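See below for the structure under consideration.
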Number of protein chains: 2
Amino acid sequence: MDKDTITLRTKTWIVDENKDTLFGAGQLKILETIERTGSISAAAKEMKMGYRSMWGRIRKVEQRTGKSLLIRHKGGSDGGRSELTEDAKLMVSRFKALQQRIDDAAQDIFHAIYFPE
Amino acid sequence: MDKDTITLRTKTWIVDENKDTLFGAGQLKILETIERTGSISAAAKEMKMGYRSMWGRIRKVEQRTGKSLLIRHKGGSDGGRSELTEDAKLMVSRFKALQQRIDDAAQDIFHAIYFPE
DNA sequence: TTTCGATATGTCAACAAAAACATAACGATT
DNA sequence: AATCGTTATGTTTTTGTTGACATATCGAAA
């Protein structure tokens with residue numbers, strides 16, 4: 001139990017009444033990357049995951065929350081692009097704050113219990 | 001995003017320098033059940049998991065922490081039994097407190113961000 | 001009206017984690 | 001020394017999740 005080698009990890013996510021995930025760290029990263037890159041496929045490439053699975057994860061959240069996360073622009077010379085809806089932007093900013101604050105608190109508690117001075 | 005239907009979930013665990021799990025909710029429950037029932041096999045039966053996998057999970061933690069979690073009594077008319085070492089008892093009580101306090105804090109933060117009055 | 005890259009969606013393969021199966025060894029009690 | 005339920009451990013199946021493959025559609029611009 002050495003302070004330098006052991007680490008606390010936490011995971012935080014939001015579920016619906018069926019315990020299905022509505023939002024978590026994965027969704028957060030996906031949406032942030034889409035916002036920055038401008039499309040699902042570019043985001044998938046950057047995150048080194050398949051377009052298919054990224055698309056599927058987004059759809060799941062959309063179905064479960066009943067809100068669309070992306071404004072899709074299909075076709076065009078550039079093939080198309082996607083941007084976040086206002087709902088998605090809210091989800092991102094809220095969850096980011098949530099995650100940050102929970103992780104900070106968790107680390108404090110961890111140190112207080114495991115390494116009191 | 002309805003207060004009555006969405007829920008925050010958190011997971012907390014401790015890892016070593018290789019990110020391998022040293023202790024988590026699963027180990028906690030396993031050790032608590034062994035302590036109460038008096039043996040690995042009884043605990044496995046109660047938790048509806050195989051003896052083999054429970055035994056393997058305990059061994060992993062023992063190998064990674066370098067501490068033995070159980071005092072094993074093999075053989076005898078009753079077949080044998082196992083009890084927790086002092087190290088294991090400490091791990092259980094510490095982690096239980098950790099988990100509880102982190103989850104409480106997480107719920108507070110969740111409500112503050114998602115359902116401010 | 002042809003092109004091009006992105007969205008949309010079904011299906012199938014691959015890999016990992018957990019469970020199931022199978023024995024061997026152990027030792028206090030009878 | 002025979003018994004019994006437990007510990008110990010290797011091997012094999014099952015299962016579940018992730019990624020790979022395949023294909024159709026879309027529509028602005030050339």
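Lettering follows sequence order; numbering is per chain, from 1. Here the structure is a predicted model, which is why all the values come from computation and not from measurement.
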Pairwise N/O distances under 3.5 Å, protein to nucleotides 10-21 of chain C:
from	atom 1	to	atom 2	distance (Å)
C:dG10	N7	A:Arg52	NE	2.9
C:dG10	N7	A:Arg52	NH2	3.1
C:dG10	O6	A:Arg52	NE	3.0

Rounded to whole Å, please give me the gap between [atom1] in [X] and [atom2] in [N].
X	N	atom1	atom2	value
A:His73	C:dG5	NE2	C1'	15 Å
A:Met54	C:dA6	CE	C1'	14 Å
B:Asp78	C:dT29	CG	P	9 Å
A:Arg81	C:dA8	CZ	P	13 Å

With a 4.0 Å cut-off on N to O distance, would you call A:Glu83 and A:Arg36 a salt bridge?
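No, this pair does not count.
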
Between A:Arg72 and A:Glu62, is there a side-chain N and carboxylate O pair less than 4.0 Å apart?
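Yes.
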
Check each of A:Leu69, A:Leu31, A:Ile30 against A:Val92 using the side-chain contact (heavy atoms from CB on, under 4.5 Å) test, and report the only one that passes.
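Of all the options given, the one that passes is A:Leu31.
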
Applying a 4.0 Å non-hydrogen cut-off, can you work out what A:Gly80 is touching in the nucleic acid: base, sugar-phosphate, or nothing?
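Counting heavy atoms under 4.0 Å across all strands, the contact made by A:Gly80 is with sugar-phosphate only.
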
Determine the contact category for B:Gly76: base if any of its heavy atoms lies under 4.0 Å from a base atom, sugar-phosphate if only primed atoms, P, OP1 or OP2 are that close, otherwise nothing.
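B:Gly76: base contact, heavy atoms under 4.0 Å.
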
Looking at A:Gln107, I'd like to know if its CD atom is crowded, meaning that more than 12 non-hydrogen atoms belonging to other residues, nucleotides or ligands lie closer than 6.0 Å.
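Counting neighbours around CD of A:Gln107, more than 12 heavy atoms of other residues, nucleotides or ligands fall under 6.0 Å, so yes.
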
C:dT3, OP1 or OP2 - any side-chain N/O from A:Ser77 closer than 4.0 Å?
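A:Ser77 to C:dT3 OP1/OP2: no side-chain N or O under 4.0 Å.
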
From B:Asp16 atom CG to B:Arg64 atom CZ, the distance as rounded to the nearest 0.5 Å:
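If I round to the nearest 0.5 Å, the distance is 6.5 Å.
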
B:Leu98 vs B:Ile14, side-chain contact (heavy atoms from CB on, under 4.5 Å): CA-CA, chis, key distance, verdict
CA-CA 10 Å; B:Leu98 179 76; B:Ile14 295 173; 4.3 Å; yes

Earliest and latest nucleotide of DNA chain D, 5' to 3', sitting under 4.0 Å from a non-hydrogen atom of chain A?
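Nucleotide range in contact with chain A: D:dG19 to D:dA29.
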
Flag the pair B:Ile6 / A:Phe23 as yes when at least one side-chain heavy-atom distance between them is below 4.5 Å, and no otherwise.
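SC-SC contact between B:Ile6 and A:Phe23 ruled out.
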
Can you check side chain to side chain donor-acceptor pair (under 3.5 Å) on B:Asp103 and B:Thr10, steps first, answer last?
CA-CA 7 Å; B:Asp103 194 64; B:Thr10 61; 2.7 Å; yes

